[in-house]
Novice: 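Sharing a structure below in structure tokens format, with a few things to ask.
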Amino acid sequence: MTSAPTGQTHLGRLCRGSEIRNVLRGGRHFGGPAGVLKVKPGATPVSRLCVVASRRVGGAVVRNKVRRRIREIARREIHPEAEPADMVFRANHRAATMDFESIYEAFTRQLRKAKLLDRPRKQQWTGEG
RNA sequence: AGAGUGGGCCGGGCGGUCGCGGCGCCGCUGGCGUCGAGGAAAGUCCGGACUCCAUAGGGCGAGGUGCCGGGCAGCGCCCGGUCGGGGCGACCCGAAGGACAGCGCAUAGAGACGACACCGCCUCCUGCGGGGGGUGAGGAUGGAAGGGUGCGGUAAGAGCGCACCGGUCGGCUGGCAACAGCCGGCGUCUCAGCAAACCCCACCUGGAGCAAGGCCACAUAGGGGGACGAUGCGGCGGCCCGCCGCGUCCCCGGGUAGGCCGCUCGAGUCCCCGGGCAACCGGGGGCCCAGAUAGAUGACCGCCACCUCCUCGGAGGCACAGAAUCCGGCUUACAGGCCCACUCUCUCG
RNA sequence: GCGGCCGUGGCCAAACGGAUUAAGGCUCCUGACUACGGAUCAGGCGAUUGGGGGUUCGAAUCCCUCCGGCCGCG
């Protein structure tokens with residue numbers, strides 16, 4: 001398992017095994033072609049993300065690439081003023097062969113469902129960017 | 001021109017926007033500068049450095065290595081050579097000590113190493129069914145049959161005798177040596193293979209591993225030193241002798257993934273000169289070249305290379321693969337490309 | 001970072017230097033029995049012994065190397 005450091009302004013790291021298990025067990029489930037996203041209301045003022053890429057995904061190079069792409073998308077698309085959340089993304093083996101555009105579309109759809117692209121209690125903000 | 005052998009190297013380049021880690025600086029909720037994966041970072045198959053523990057010594061055992069010389073901190077690695085095998089050749093391959101220390105080698109076969117005769121051959125006897133003796137040349141068995149080839153010899157044969165080729169012993173010459181060449185002796189004794197089967201011989205090996213190990217903060221309460229010792233238990237590399245600890249008394253002050261150190265400057269790398277056939281070594285000068293701690297390199301765009309496709313202007317692709325204490329090797333994976341030396345065949349001059 | 005075990009027909013597996021078609025069971029196929037099926041009986045198909053290389057007369061077995069899977073310790 002790996003957890004990615006992310007943009008420190010509004011996206012932190014979720015590293016501890018107990019917290020990760022907590023999110024996986026009790027979080028809301030958002031499926032997608034590249035993997036599963038689990039979200040729970042944040043325990044800290046900033047949102048935190050953990051990307052899980054097991055050996056089923058591929059070798060070290062592939063797993064690093066998937067993890068970095070997910071983290072990059074989250075960094076750019078999650079709104080700084082959204083409700084802080086603890087997230088765990090578990091990548092599957094299909095993520096290894098997908099190009100960046102496909103992963104981008106799939107993951108942003110999951111984030112939109114989780115209402116993380118929006119500013120809370122304000123106007124709808126289109127997440128295209 | 002075609003086919004091939006050996007060695008070395010590269011592993012897309014330049015620029016821009018956003019983002020990440022280390023270090024340095026500044027006017028420090030940030031900014032600026034700078035550096036930021038590989039030849040294999042991999043497998044973890046060997047060897048070390050480093051750290052802690054153990055070190056009275058000895059015996060048994062276990063594992064590894066195995067032609068010679070050199071290189072190296074060391075190695076099971078590398079270089080050079082010897083011998084054997086393969087290739088027309090350049091070259092390539094080889095765990096390459098010992099089989100009179102022992103033991104074993106299925107089936108077949110008389111016999112697989114001090115034993116022996118199934119067929120055959122020769123000879124003698126005969127009551128013509130066969131029997132006695134000689135032989136190991138021929139056949140048969142087998143992966144392999146107690147040196148090989150030829151001539152002589154003989155009843156038939158056989159190192160029975162001779163010559164040559166091995167083999168072995170001794171000497172001489174060359175070589176540091178493995179070994180090679182030459183000379184002589186030996187067939188009464190001694191002549192096969194397998195030791196990546198056990199085994200013998202020689203040499204090597206203390207145990208763990210950076211989660212080593214150390215420092216700091218905090219809580220339940222544990223450790224260190226000295227003295228005494230029967231059994232039991234545990235530890236010391238597996239076992240034994242042996243040694244140490246657990247037990248009692250006295251004295252003194254502290255162990256765990258939270259943080260910090262170890263943590264990256266090193267048997268380093270590049271250039272030049274010198275020594276050496278070479279591996280490599282010596283000297284001089286230049287350079288600083290990742291240090292994360294759930295683990296930093298990503299995304300997008302433009303131009304130029306390279307490859308493929310076609311509607312000739314575009315589209316797609318661009319290997320294997322990601323540092324975790326650090327080095328030296330080995331092994332394995334790898335799109336495409338470059339350079340050097342050499343060999344064979346054909347053609348032309 | 002250390003250390004160990006395993007890989008044999010579709011499945012479970014035996015043989016650990018010795019010939020042979022690499023046992024045996026389940027499954028599957030064919031036949032018998034039955035009105036049909038099951039059970040039973042008889043016969044049969046099915047193997048690069050994880051891949052490659054080496055040692056040997058001979059390798060599933062010994063050695064080297066790679067691949068895959070499982071487990072243990074810190």
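Naming: A, B, ... by sequence-line order, numbering from 1 per chain. Model, not experiment: these values are computed from the prediction.
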Novice: Could you pull out the closest heavy-atom pair between A/Lys38 and A/Val23, with the gap in Å?
Specialist: O-CG1, 3.6 Å
Novice: Under the rule syn = chi within 90° of 0, otherwise anti, which is C/rU20?
Specialist: anti
Novice: Rounded to whole angstrom, note down the P distance from B/rU141 over to B/rG109.
Specialist: 10 Å
Novice: Set out, in order, the CA-CA distance, both residues' side-chain angles and the distance that settles side chain to side chain contact (heavy atoms under 4.5 Å, CB included) for A/Ile78 and A/Met87, then state yes or no.
Specialist: CA-CA 12 Å; A/Ile78 290 177; A/Met87 295 166 281; 3.6 Å; yes
Novice: Mind calculating the distance between CZ (A/Arg63) and C1' (B/rA296) to the nearest angstrom?
Specialist: 16 Å
Novice: What is the pairing partner of B/rC160, taking Watson-Crick or G-U wobble pairs with both distances under 3.5 Å in any strand?
Specialist: B/rG152
Novice: Using whole Å, what does the distance between atom P of nucleotide B/rA299 and atom CD of A/Glu101 come to?
Specialist: 13 Å
Novice: Side chain of A/Arg67, heavy atoms from C-beta onward: which of B/rG322, B/rA299, B/rA296 has the nearest atom to it?
Specialist: B/rA296
Novice: I want to check something: taking the side chain as every heavy atom from C-beta on, are A/Arg63 and A/Val57 in contact at a cut-off of under 4.5 Å?
Specialist: yes
Novice: Less than 4.0 Å between a side-chain N and a carboxylate O, is that true for A/Glu72 and A/Arg68?
Specialist: no
Novice: Using Watson-Crick or G-U wobble geometry with both distances below 3.5 Å, tell me the partner of B/rG143, or none.
Specialist: none
Novice: Please confirm whether the shortest side-chain N or O distance from A/Arg68 to OP1 or OP2 of B/rU297 is below 4.0 Å.
Specialist: yes
Novice: Using atom CD1 of A/Ile73 as one end and atom C1' of B/rA299 as the other, report the distance to the nearest whole Å.
Specialist: 9 Å
Novice: Shared ILVMFWY cluster between A/Phe100 and A/Leu37, side chains joined below 4.5 angstrom?
Specialist: yes
Novice: Expressed in angstrom and rounded to an integer, what is the separation of A/Asp99 atom CG from B/rG298 atom C1'?
Specialist: 15 Å
Novice: Would you call B/rG209 syn or anti, using the 90° rule around 0?
Specialist: anti
Novice: Would you mind calling B/rG39 syn or anti? Take O4'-C1'-N9-C4 for purines or O4'-C1'-N1-C2 for pyrimidines, and syn is within 90° of 0.
Specialist: syn
Novice: P atom, B/rA158 versus B/rC186: distance in rounded Å?
Specialist: 23 Å
Novice: Where does B/rU264 fall, syn or anti, if syn means a chi angle no more than 90° from 0?
Specialist: syn
Novice: Among the candidates B/rC300, B/rG19, B/rA323, find the nucleotide nearest to the side-chain atoms of A/Phe100.
Specialist: B/rC300
Novice: Return the value, rounded to whole Å, for the distance between atom NZ of A/Lys65 and atom C1' of B/rG322.
Specialist: 12 Å
Novice: Would you call B/rG129 syn or anti, using the 90° rule around 0?
Specialist: syn
Novice: Searching all strands shown, indicate the nucleotide that pairs with B/rC287 (Watson-Crick or G-U wobble; both distances under 3.5 Å).
Specialist: B/rG268
Novice: Considering only the P atoms, how many Å lie between B/rG47 and B/rG74, rounded to the nearest integer?
Specialist: 15 Å
Novice: With rounding to whole Å, what would you report as the distance between B/rG97 and B/rC179 at their P atoms?
Specialist: 12 Å
Novice: Compare every heavy atom of A/Gly35 with every heavy atom of A/Asn92, then report the nearest pair and how far apart it is.
Specialist: ND2-N, 3.6 Å
Novice: Please determine if a side-chain N or O atom of A/Arg71 lies less than 4.0 Å away from the OP1 or OP2 oxygen of B/rU297.
Specialist: yes
Novice: Give none if B/rC103 has no partner; otherwise give the nucleotide forming a Watson-Crick or G-U wobble pair with it, both distances under 3.5 Å.
Specialist: none
Novice: Applying the Watson-Crick and G-U wobble criteria at under 3.5 Å, what pairs with B/rG209? Answer none if nothing qualifies.
Specialist: B/rC50
Novice: Among the nucleotides B/rA37, B/rA323, B/rG19, which one has an atom lying closest to any side-chain atom of A/Arg75?
Specialist: B/rG19
Novice: If the P atom of B/rC113 is compared with that of B/rG133, how far apart are they to the nearest Å?
Specialist: 27 Å
Novice: Considering every strand shown, what is the Watson-Crick or G-U wobble mate of B/rG129 when both distances are under 3.5 Å?
Specialist: none
Novice: So that I can tick it off, tell me whether A/Lys40 and A/Asp86 are bridged by a salt bridge, with the cut-off set at under 4.0 angstrom between side-chain N and carboxylate O.
Specialist: no
Novice: Work out how far the C1' atom of C/rU34 is from that of C/rC41, and round it to whole angstrom.
Specialist: 14 Å
Novice: Which base, if any, makes a Watson-Crick or G-U wobble pair with B/rA3, both distances under 3.5 Å?
Specialist: B/rU343
Novice: Please measure how far the P atom in B/rC252 lies from the corresponding atom in B/rG48, and state the result in whole Å.
Specialist: 47 Å
Novice: Below 4.0 angstrom from OP1 or OP2 of B/rC300, is there any side-chain N or O of A/Arg76?
Specialist: no
Novice: Whole angstroms only, please: what is the CD-P distance between A/Glu77 and B/rC18?
Specialist: 17 Å
Novice: Provide the distance between the two C1' atoms, one in B/rG142 and one in C/rG58, to the nearest whole Å.
Specialist: 13 Å
Novice: Please report the interatomic distance SG(A/Cys50) to CZ(A/Arg71), rounded to the nearest 0.5 Å.
Specialist: 12.5 Å
Novice: Strictly by Watson-Crick or wobble contacts shorter than 3.5 Å, is anything paired with B/rA296, and which nucleotide is it?
Specialist: none
Novice: In whole angstrom, what separates A/Ile103's CD1 from B/rC300's C1'?
Specialist: 15 Å
Novice: For A/Arg69 and B/rG322, give me the distance from atom CZ to atom P, rounded to whole Å.
Specialist: 17 Å
